Every structure is written in structure tokens, then in C-alpha cells.
Amino acid sequence: MESILFHIEEGVAEITFNRPDKLNAFNREMALLLQSKLDECASLHEVHCVYITGAGKAFSAGQDLSEIADANGPGMDKILSEHYNPIITKIRHLPKPVVAAVNGVAAGAGANIALCCDVAVAAESASFIQAFSKIGLIPDSGGTYFLPRLVGWQKASAFAMLGEKISAEDAERTGMIYKYFPDNEFKQEAYQIAITLAKLPAKALAFTKHAFNNSFINTFEEQLLLEDALQQLASQTYDYKEGVKAFLEKRNPVFNGE
Ligand code: LHQ
């Protein structure tokens, strides 16, 4: 059974973590396969948006703990440098929006992969756990970067240190995720976000992502300069011209991603 399912439809590449018996915990094979699927999403012109979810009842329980206990496993020196750090970097550098559709529990690296996505949504029954402290580790996979930026220092450090289960409702309330939906509406609502993003001007979304990637690094003045440079590029696209023309002609725009 493939640990990652992948298919493309209507401009959306759907990536499904597929080790449901292990709550979609990551082993090396799954971590490397996810990286290659993210590379495919970056290179395929027909992919306008990436949608990541989990098979079965979980999103992902993070690292497969039986693999790290295995003497023949990849070892601590490889797990971050070869598994999670490239995954997080690839998601942030992918010039396309990435939606995390958190269908169930998201723990450890599983939670932090969701939090680094451009839009993270959850089912009402889903939950988020910074499970690291419970096993004597620190939050990784970008957790110490994204969590304080999303929810503020105080809540981030409490979430990280206590390792408690955070409900989807609290995740939305604290700003950890964009929205949660009732379980029976979740799949349709989450997928609709991906379809909507796939139809919007692709270059403008890529430039927006690039600007956000730099907003915590740049000074205020540098960020204004970056916005100016990216807006010059956006204004040279077909989609910009079409968007303005359609507005003035009182019709729906037809974007082509160029
Ligand atoms: C699992 C796992 C799992 C294997 C459930 N592995 N089997 C980076 C650096 C280097 C090393 C370490 O890792 C990292 C990054 C990280 O992600 S560290 C954090 C690793 N993850 C965790 O510590 C979470 C461990 N799991 C749990 O706490 C619970 O399973 C949660 C709260 C996620 C779900 O609880 P339940 O809904 O009660 O499910 P369960 O515990 O009964 O699990 C169902 C099955 O899945 C069970 O197997 P079994 O054969 O008994 O049915 C679990 O053993 C297996 N499973 N998580 N991470």
C-alpha cells in the first residue's frame, strides 16, 4: 500500500497521508515520498493548488515512534535534516498555495506540517497536539517558528510545553488555523477552498506567498520595497489585465494563470 496517495483534478493536487493503521505516522519512506510529490507539484504546470489530508481517522500522528526505536532505522541525525526540514522548506517554497485539511488528530510533526501550510482548516472533531514534550523532545518541523507567529508567544510556549490536546475550535479561536467546519461539511468545505484557490490568478498567489515568507525576516522598509517589486511583476500578468477588464465590463474574469 502506497504511504502517500496522489491525484490531480481541476488544478488541485490532492496528497493523502495513507498509513491509517498508524494514524498516518511518518516513516522514512513516507517522508521521502511526500518530498517527491511536493517536487512534482512544483514542476507540473497543471497543478495550481495542493491539498493535503489524511486517510482514515487521523491527519498524522507525526514521527512513527517504532521507527526511531528501531536500531536499523534512519537515526536522529537524519530525521530532521532528511525528512521534516526538507518537507517544511518545500511547502514554504512551493510557489502555489498549500491547503492542510486536518481531518483528525494532528500530533508532533504532523501538527507542524499542517501549521506551515498557507491555509489550514480542520474538522470539528480534529485536534492538534504538540506531543514532543511528552517524549522528551522539542517542537520541530517549524513548530518553534510558526506557532508563536500564529498564536503569540504565551500560548505557543504553553502549547509546546504542556503538550495538551487542542480542539479544532480552540485552534481556530487562537489563530492556529483559518477555520474549522462541522464534521459532515468538512471535506466539501475544505476541498472547495482548494478549488477556489486553483482558479484564482496563480502568479498573484505565488507572489503573495513569497511576500509572506519574507514578512518576518524583512524590516518594514524592506517589506514595502518587496511589495513594490512584486506588484510590478503582478501588474505585468495577463490575469491582472483580465481581472481589471472584467471588473470594468461587469463580467466574471477568465484567468489563465499567466
Ligand atoms: C503510532 C503513533 C506514532 C507509531 C499512533 N508512531 N505508531 C522528530 C525528531 C525525531 C524523532 C521523533 O520525532 C520527531 C517528530 C515528531 O513527530 S515527535 C512526536 C511523535 N508523535 C507522538 O508522540 C504522538 C504519539 N501518538 C499519540 O500520542 C496518540 O496516538 C494520539 C494522541 C496521536 C492519538 O491517540 P488515540 O486516538 O488514542 O490513538 P492510539 O494511541 O490508540 O493510536 C492508534 C494506533 O496508532 C496505535 O497502534 P495499535 O497497534 O495499538 O492500534 C498506536 O500505537 C499507533 N500510533 N501514533 N507516532
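Just so it is clear, the values below take in all heavy atoms, side chains as well, and ignore hydrogens, waters and symmetry mates. Numbering of ligands and ligand atoms starts at 1, following listing order. Note that the structure is a prediction, hence the values are computed from the model and not measured.
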Side chains of [Y] and [X]: any donor to acceptor distance under 3.5 Å?
| X | Y | result |
| --- | --- | --- |
| Ser215 | Gln223 | no |
| Gln192 | Gln188 | no |
| Asn18 | Ser3 | no |

Do [Y] and [X] meet the salt-bridge criterion of a basic N to acidic O distance under 4.0 Å?
| X | Y | answer |
| --- | --- | --- |
| Glu169 | Lys179 | no |
| Lys203 | Glu258 | yes |
| Lys37 | Glu40 | yes |

Distances under 3.5 Å, N/O of ligand 1 against N/O of the protein: list each pair and its distance.
unit_1, atom_1, unit_2, atom_2, d
ligand 1, 6 (N), Leu65, N, 2.9
ligand 1, 17 (O), Gln63, N, 2.9
ligand 1, 17 (O), Ala109, N, 2.9
ligand 1, 21 (N), Ala61, O, 2.9
ligand 1, 58 (N), Ala61, O, 3.2
ligand 1, 58 (N), Gln63, O, 2.8

